[in-house]
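Read through the structure below, which is laid out as structure tokens, and then see the notes.
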Amino acid sequence: MSQHLAERSIVENSEFVFTARDLEVITEIMRRETGVSLTGAKANLVYSRLAKRLRKLGLENFEQYCRLIQSPDGEGERMEMLAALTTNVTRFFREPHHFEHLKARMLPGMAQFARGGGRVRLWSAACSSGQEAYSMALTLLEVMPDAARFDVKILATDIDPNMLREGEAGIYEESLLDAVPAAMRKAHFARMPDGRWRVSDEARRLVSFKRLNLIGNWPMKAKFQAIFCRNVVIYFDGQTQEMVWSRFLPLLDEGGALYIGHSERVTGAAEPQFQNDGITIYRKQSAGGRA
Ligand SMILES: C[S@@+](CC[C@H](N)C(=O)[O-])C[C@H]1O[C@@H](n2cnc3c(N)ncnc32)[C@H](O)[C@@H]1O
């Protein structure tokens with residue numbers, strides 16, 4: 001691309017000049033730091049999500065913003081940028097068949113194992129504001145109301161610290177609770193003076209929120225019996241998706257379940273080691289072959 005074209009704002013009538021080069025810098029940082037591929041992303045979308053950051057920082061154009069996020073002092077702003085450009089949409093009991101499968105096919109065995117002194121771990125990888133992890137916790141409490149007495153825990157991780165804070169708070173607007181069955185709502189949510197609803201301590205105690213980048217280091221050594229990794233790898237390129245699926249394998253118990261998003265599919269080297277067990281549900285095959 002000629003220097004001239006590279007310098008033109010690619011967003012019409014914009015408050016800030018936003019060039020193809022700026023989009024390239026931002027796209028590359030997103031790919032490198034989060035795995036999120038903005039290829040084909042509308043320049044308008046990137047512009048509109050970041051324009052408020054420029055306003056807040058008192059910057060005059062995206063060239064200055066790109067200089068900041070590439071500088072050693074720009075780490076905090078890089079995080080803000082990642083948070084602004086990733087999608088955090090989530091819901092309680094999203095893709096309900098996953099929770100039905102967890103309840104009917106996985107949790108009875110896990111409960112028995114825990115009651116016998118076993119260690120049970122579930123993981124909500126890319127948990128956003130916590131609704132997925134709490135849906136897992138509430139399902140678990142249905143099967144095992146005394147879960148707190150045993151070694152049963154849910155790890156909830158995300159790259160975005162703002163989302164983790166929301167998850168930890170466990171406070172949600174009433175409109176977000178529509179998919180929570182009435183009995184569960186009664187048992188596990190308390191209305192706050194401002195009209196929002198707070199998840200019960202019993203459910204919150206089962207969940208630990210931690211920052212984890214799916215394309216970074218994973219400190220966990222112990223295995224999980226179930227991993228929910230839904231609606232995040234869809235934003236990664238194919239190679240990164242395959243790498244994530246492969247990294248789950250050694251962390252999943254034999255027969256353990258992997259739940260993925262409705263438009264996702266396990267691909268690459270990990271695929272033959274998973275067996276389909278329902279729509280977007282996989283089980284890790286045991287050494288003998290079957291899950
Ligand atoms: C669309 S939400 C999905 C939330 C939930 N799993 C669900 O299906 O409802 C995607 C989440 O992935 C997180 N995310 C994006 N890139 C990530 C990465 N490299 N590592 C960990 N989390 C990431 C975002 O911060 C966001 O909260």
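Whatever order the structure lists them in is the order used to number ligands and atoms, beginning at 1.
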Residue, atom name and distance, where the atom is the protein heavy atom closest to [atom]:
{"atom": "atom 9 (O) of ligand 1", "answer": "T90 OG1, 2.6 Å"}
{"atom": "atom 13 (C) of ligand 1", "answer": "D158 OD2, 3.3 Å"}
{"atom": "atom 3 (C) of ligand 1", "answer": "R230 O, 3.6 Å"}
{"atom": "atom 20 (N) of ligand 1", "answer": "L214 N, 2.8 Å"}
{"atom": "atom 8 (O) of ligand 1", "answer": "N231 ND2, 2.8 Å"}
{"atom": "atom 2 (S) of ligand 1", "answer": "T87 O, 3.3 Å"}
{"atom": "atom 23 (C) of ligand 1", "answer": "I159 CG2, 3.4 Å"}

Which ligand 1 atoms does [X] reach within 4.0 Å, using its non-hydrogen atoms?
{"X": "E132", "result": "5 (C), 6 (N), 7 (C), 8 (O)"}
{"X": "T34", "result": "18 (C), 19 (N)"}
{"X": "D160", "result": "25 (O)"}
{"X": "N213", "result": "18 (C), 19 (N), 20 (N)"}
{"X": "V89", "result": "1 (C), 2 (S), 3 (C), 4 (C), 9 (O)"}

Would [X] and [Y] count as a close aromatic pair, with their ring centres under 6.0 Å?
{"X": "F189", "Y": "F92", "value": "yes"}
{"X": "Y282", "Y": "W245", "value": "no"}
{"X": "Y134", "Y": "F209", "value": "yes"}

Open item on the list: With a cutoff of 4.0 Å, is L212 in contact with ligand 1, counting heavy atoms of the residue only?
Closed with: yes
TODO: Give a yes/no on ligand 1: does F236 have at least one heavy atom closer than 4.0 angstrom to it?
DONE: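 Contact present.
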TODO: May I ask you to decide if the ring planes of Y47 and F16 are parallel, tilted or perpendicular, using 30° and 60° as cut-offs?
DONE: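 Ring orientation of Y47 relative to F16: tilted.
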TODO: Evaluate the ring planes of Y65 and F62, with Trp represented by its six-membered ring, and classify them as parallel (under 30°), tilted (30 to 60°) or perpendicular (over 60°).
DONE: perpendicular
TODO: May I ask you to decide whether R21 forms a salt bridge with E24, counting only side-chain N to carboxylate O separations under 4.0 Å?
DONE: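 Result for this pair is yes, salt bridge flagged.
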Task: Side-chain ion pair, R31 and D237, N-O less than 4.0 Å - done: no
Task: T157 OG1 to L214 CG distance, which is reported to the nearest 0.5 Å - done: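 Output value for this atom pair is 6.0 Å.
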Task: Nearest-0.5 Å distance, CD of residue E80 to CG of residue N162 - done: 6.0 Å
- [ ] Indicate, with yes or no, if L206 and L212 share a hydrophobic cluster defined by side-chain heavy-atom contacts under 4.5 Å among Ile, Leu, Val, Met, Phe, Trp and Tyr.
- [x] no
- [ ] Flag yes if V233 and I281 sit in one hydrophobic cluster, no otherwise; membership is Ile, Leu, Val, Met, Phe, Trp, Tyr, and two members link when side-chain heavy atoms are under 4.5 Å apart.
- [x]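 Different clusters.
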Is the closest N or O pair between [X] and ligand 1 shorter than 3.5 Å?
{"X": "N88", "value": "yes"}
{"X": "R91", "value": "no"}
{"X": "R94", "value": "yes"}

Task: Option whose closest heavy atom lies nearest to atom 5 (C) of ligand 1, chosen from G216, A126, S128 - done: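 Checking each option, the heavy atom nearest atom 5 (C) of ligand 1 is found in A126.
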Open item on the list: Counting only heavy atoms closer than 4.0 Å, does ligand 1 sit against the backbone of T86, its side chain, both, or neither?
Closed with: side chain
Task: Residue pair M184 / F93, side-chain heavy-atom distance below 4.5 Å - done: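 Answer yes - side chains close enough.
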